Protein chains: 2
Amino acid sequence: MRIGELAQRAGTTTRTLRYYESRGLLPARRAVNGYRAYGEEDLRLLRQIRLLQDFGFELEETRPFVDCLRAGHPSGDSCPASLEVYRRKLAEIDECLARLQAVREQVQGQLLRAQVEASAEHPGEPLCEVKPNAASNEWVEGN
Amino acid sequence: MRIGELAQRAGTTTRTLRYYESRGLLPARRAVNGYRAYGEEDLRLLRQIRLLQDFGFELEETRPFVDCLRAGHPSGDSCPASLEVYRRKLAEIDECLARLQAVREQVQGQLLRAQVEASAEHPGEPLCEVKPNAASNEWVEGN
DNA sequence: GTAGACCTTGACGCCGACGTCAAGGCCAGC
DNA sequence: GCTGGCCTTGACGTCGGCGTCAAGGTCTAC
């Protein structure tokens, strides 16, 4: 299998594959004409990488999973190093969620305060036009 | 007030202030010697920018707030354009939170599955060493 | 008059994961 | 033999928000 086919089957681009190879993540055998030659196993490795990338893992963080697969294990997370990456990532995600939720509350508070102040300057305009109870949700999740 | 003092009082750097000026966000008057000259009002504008930046707003998104303050309004979010940015940002944050929580569940699921499979290969090692009930939390939030 | 603390503009560096273009080699089909 | 589709390496561009360095001007204190 050449690079174009592998890229297509994995839903990515040839540029990406060459980039992974340049990082030492997915080296390729070479045909006599110099073309990169991949096998089905490479497709598995690549799919593992793409999955983690889609999760937001950095490229370096996928390396233990690829190494694990290449070592013959049934799945990329069959090795302690991969599990450790999972745990670290979960901790990172939790931190990120906490920060994001804190910011959300801040912004929400600012918005509500500013809207109240605006309504105080223009008493004729109502805070909510339709449903008083669902109003705060409408403002947040509406268009 | 010169650039160094303003930067210090706002807890940022001169490089940052020059960058904001290059973006047209915080232009400065000039003294006869060419030095940038700022007033107390500029400090207010700058603090508004920094607050939003700390929230994760992009620089361009702070512009309506700065314009609003500069127009004489009591706070940067007294203008409709600012409120609109608040709302857009809340929507973005909600999207981000949803994506992050979905990923969290995926990763968590992968981790649990992988750990179970690992324990199946090495039946002698227990899944949890101490407290069975708090185990899943320990794995996530522990160091 | 000189050290040194401030200021100026200009320009390159950084980070990650590629996109995109250039110049050229390889191979199949007509 | 020639067109067109694939492949090669190399190198620069992208995005945001600055950091950092260079070369030089300005002002104050001694």
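Because the structure is predicted, anything quoted here is derived from the model rather than measured.
Between B/Glu5 and B/Arg2, no side-chain nitrogen of the basic residue sits less than 4.0 Å from a carboxylate oxygen of the acidic one, so the salt-bridge criterion is not met.
In this structure, A/Ser82 contributes its side chain and A/Gly76 its backbone to a donor-acceptor pair below 3.5 Å. When atom types are taken as modelled, the side chain of B/Asp54 and the backbone of B/Leu51 share no donor-acceptor pair closer than 3.5 angstrom.
Residues A/Thr62 and A/Val85 fail the side-chain proximity criterion, which asks for heavy atoms closer than 4.5 Å. For the pair A/Leu46 and A/Asp42, the minimum side-chain heavy-atom distance is 4.5 Å or more. A heavy-atom distance below 4.5 Å is not found between the side chains of B/Gln8 and B/Met1.
Between A/Met1 atom CE and D/dC6 atom P there is a gap of 16 Å when expressed in whole angstrom units. Atom CZ in A/Arg36 sits roughly 7 Å away from atom C1' in D/dT8 (whole-Å rounding). The CD atom of B/Gln8 sits 13 Å away from the C1' atom of C/dA5 (whole-angstrom rounding). Note: CZ (B/Arg63) to P (D/dG17) measures 11 Å, nearest angstrom. Atom P of nucleotide C/dC7 and atom CG of B/Leu6 are separated by 10 Å, given to the nearest angstrom. Between the CD atom of A/Glu5 and the C1' atom of D/dG5 there is a distance of 15 Å, rounded to whole Å.
Nucleic acid contact for B/Arg23: none, since no nucleic acid atom lies under 4.0 Å from a heavy atom of the residue.
Sorted by first and then second residue, the pairs that involve residues 66-80 of chain B and meet salt bridge (Lys or Arg N to Asp or Glu O under 4.0 Å), not counting sequence neighbours, are A/Arg113-B/Asp77, B/Asp67-B/Arg70.
Looking at B/Arg18 and B/Thr14, their side chains do bring a donor and an acceptor atom within 3.5 Å of each other.
Atom OH in A/Tyr38 sits 5.0 Å away from atom CD in A/Glu21 (nearest 0.5 Å).
Across the helix from C/dG1-D/dC30 to C/dC30-D/dG1, the helix axis at one end is tilted relative to the axis at the other end by 30° (nearest 10 degrees, each axis from five pairs).
The B/Arg18 side chain lies nearest to C/dT8 when the options are D/dC7, C/dT8, D/dT9.
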- Message: Using a 4.0 Å heavy-atom cut-off to protein, can you give one letter per nucleotide of nucleotides 14-28 of chain C, 5' to 3': B if the base is in contact, S if only the sugar-phosphate is, - if neither?
- Response: ---BBBB----BBS-
